[in-house]
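Step one of this worksheet: look at the structure below.
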Amino acid sequence: MKLIKRIFKWIVYVLLIPFTYLIISLVLSYITIDRKEQHADFSKSIYLTTNGVHLDIVIPKENLDSLLLKDLKHFESEAYLSFGWGDENFYLNTPTWSDLTAKNAFSAMILESSTLMHVTRYKEKRSNWIEVKVNASELKMVNAYLLNTFETNKDGQKITLNNKGYTSKDDFYKAKGSYSCINTCNSWVNNGFKEAGLKACLWTPFDFVLLKKHK
């Protein structure tokens, strides 16, 4: 009987961990960090997009800093580049949600792991992107945040993973940082918005809250 009670207690404790994580995540997500500059010439645009779980930052190629664009694969006909950050193993081995396994999910969320930048190229703006108007200073800080996430080799060049993209329009590059349940793909986007002085969450692992703040 004591053994059964002990097992039951452990089950309760294990179930409390994700429940507690969810509650804390929601609370912190809905605490808003207001935009630093309220009155400025917000004449530039960046965008937020999601695949339903994972946020990306999209920037018109004309608004990309030359240092950020350097070493990135792109063609003249492509007008927008999106940037996402995440767990290397998850990115490469889970191209679609049908490929998701418990092992990959656990590894990405719990274990420290290497990361990648995922860059996708678009010829036209998509209707489901959320536009975020920015001024020149905010745009410069977003560019700097993205640039500083790329890992570089000894010559200062971005490190491309050859032939690892999902399609002919996207590529992976080695990135700085370690992915975890605290530092997720969406918290990376949120951190970039905070560093640029844009409206953001105090912290969030979700995509939908930040999107809602900018709709």
Side-chain angles (χ1 to χ4, degrees), residues 21-38 40 42 44-60 63-65 67-69 72 80-91 107-120 129-152 158-159 172-215:
Y21 175 83
L22 177 62
I23 296 301
I24 293 174
S25 298
L26 287 171
V27 169
L28 296 181
S29 294
Y30 279 98
I31 297 175
T32 300
I33 302 297
D34 289 325
R35 189 178 205 152
K36 290 183 179 179
E37 295 189 46
Q38 298 295 334
F42 302 117
K44 305 291 186 179
S45 293
I46 63 174
Y47 302 87
L48 286 171
T49 183
T50 180
N51 63 1
V53 177
H54 180 107
L55 277 176
D56 281 0
I57 300 173
V58 186
I59 303 182
N63 291 339
L64 288 172
D65 185 274
L67 288 177
L68 177 56
L69 192 57
L72 295 181
Y80 300 86
L81 269 67
S82 76
F83 299 84
W85 175 90
D87 175 79
E88 180 171 1
N89 178 61
F90 195 90
Y91 260 142
S107 176
M109 296 300 288
I110 304 300
L111 304 178
E112 288 193 0
S113 55
S114 57
T115 55
L116 298 175
M117 285 287 280
H118 184 217
V119 181
T120 306
W129 292 353
I130 303 300
E131 184 177 24
V132 181
K133 301 296 288 186
V134 297
N135 62 28
S137 175
E138 292 166 336
L139 179 62
K140 182 178 180 180
M141 286 187 282
V142 172
N143 270 275
Y145 180 76
L146 296 174
L147 176 62
N148 290 334
T149 304
F150 282 91
E151 187 67 71
T152 56
K158 299 177 184 69
I159 305 169
F172 287 105
Y173 302 81
K174 298 291 288 184
K176 299 175 184 176
S178 180
Y179 190 97
S180 72
C181 61
I182 304 300
N183 192 30
T184 71
C185 53
N186 297 324
S187 64
W188 172 80
V189 172
N190 187 67
N191 287 340
F193 271 47
K194 285 198 293 184
E195 286 195 17
L198 301 173
K199 182 185 288 187
C201 309
L202 181 60
W203 173 80
T204 185
F206 308 120
D207 66 334
F208 64 90
V209 186
L210 189 62
L211 288 172
K212 186 176 180 180
K213 292 183 189 298
H214 286 279
K215 283 184 177 178

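These numbers were taken from a predicted model, which means no experiment stands behind them.
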[X] side, atom [atom1]; [Y] side, atom [atom2] - distance, nearest 0.5 Å:
X      : Y      : atom1 : atom2 : result
Cys201 : Asn186 : SG    : CG    : 9.5 Å
Asn190 : Leu48  : CG    : CG    : 10.0 Å
Asn183 : Asp87  : CG    : CG    : 11.0 Å
Thr149 : Met117 : OG1   : CE    : 5.0 Å
Leu69  : Leu146 : CG    : CG    : 12.0 Å

Identify the heavy atoms of [X] and [Y] that sit nearest to each other, and give their distance.
X      : Y      : value
Phe83  : Val119 : CD2-CG2, 3.9 Å
Ser187 : Ile182 : OG-O, 3.6 Å
Tyr21  : Pro205 : OH-CB, 3.4 Å
Asn63  : Ser45  : ND2-O, 3.5 Å
Ala196 : Val142 : CB-CG2, 3.6 Å
Ser178 : Trp85  : O-CH2, 3.8 Å

Counting neighbours of NZ on Lys158 that are heavy atoms of other residues, nucleotides or ligands and sit closer than 6.0 Å, is the number greater than 12? yes
In terms of heavy-atom contacts, does NZ of Lys36 have more than 12 from other residues, nucleotides or ligands at under 6.0 Å? no
Which residues pass the ring pair (Phe, Tyr, Trp, His ring centres under 6.0 Å) test with Phe208, not counting sequence neighbours? Phe206
For Ala40, side-chain contact (heavy atoms from CB on, under 4.5 Å) partners two or more places apart: Glu37, Phe42, Asn135
Determine the interplanar angle of the Phe172 and His118 rings, folded into 0 to 90°, and report it as parallel if under 30°, tilted if 30 to 60°, perpendicular if over 60°. parallel
Any donor-acceptor pair under 3.5 Å linking the side chain of Lys215 with the backbone of Ile130? no
Side-chain heavy-atom pair [X], [Y] within 4.5 angstrom cut-off:
X      : Y      : value
Ile46  : Phe193 : yes
Tyr179 : Phe90  : no
Leu64  : Asn143 : yes
Leu81  : Leu68  : no

Excluding sequence neighbours, so at least two apart, what forms side-chain hydrogen bond (donor to acceptor under 3.5 Å, both in side chains) with Lys174? Glu88
Among all residues two or more places apart in sequence or in another chain, which pass the side-chain hydrogen bond (donor to acceptor under 3.5 Å, both in side chains) test with Tyr173? none
By the side chain to side chain donor-acceptor pair (under 3.5 Å) test, which pairs, at least two apart or in different chains, include something from residues 192-213? Ser29-Thr204, Thr32-Lys213, Thr50-Asp207
Glu131: salt bridge (charged side-chain N to carboxylate O under 4.0 Å, His left out) partners, not counting sequence neighbours: Lys133
CA sep, side-chain torsions, deciding dist, call: Tyr47, Val132, side-chain contact (heavy atoms from CB on, under 4.5 Å): CA-CA 6 Å; Tyr47 302 87; Val132 181; over 6 Å; no
Check against side-chain hydrogen bond (donor to acceptor under 3.5 Å, both in side chains), Trp188 and Thr115: CA-CA 12 Å; Trp188 172 80; Thr115 55; over 6 Å; no
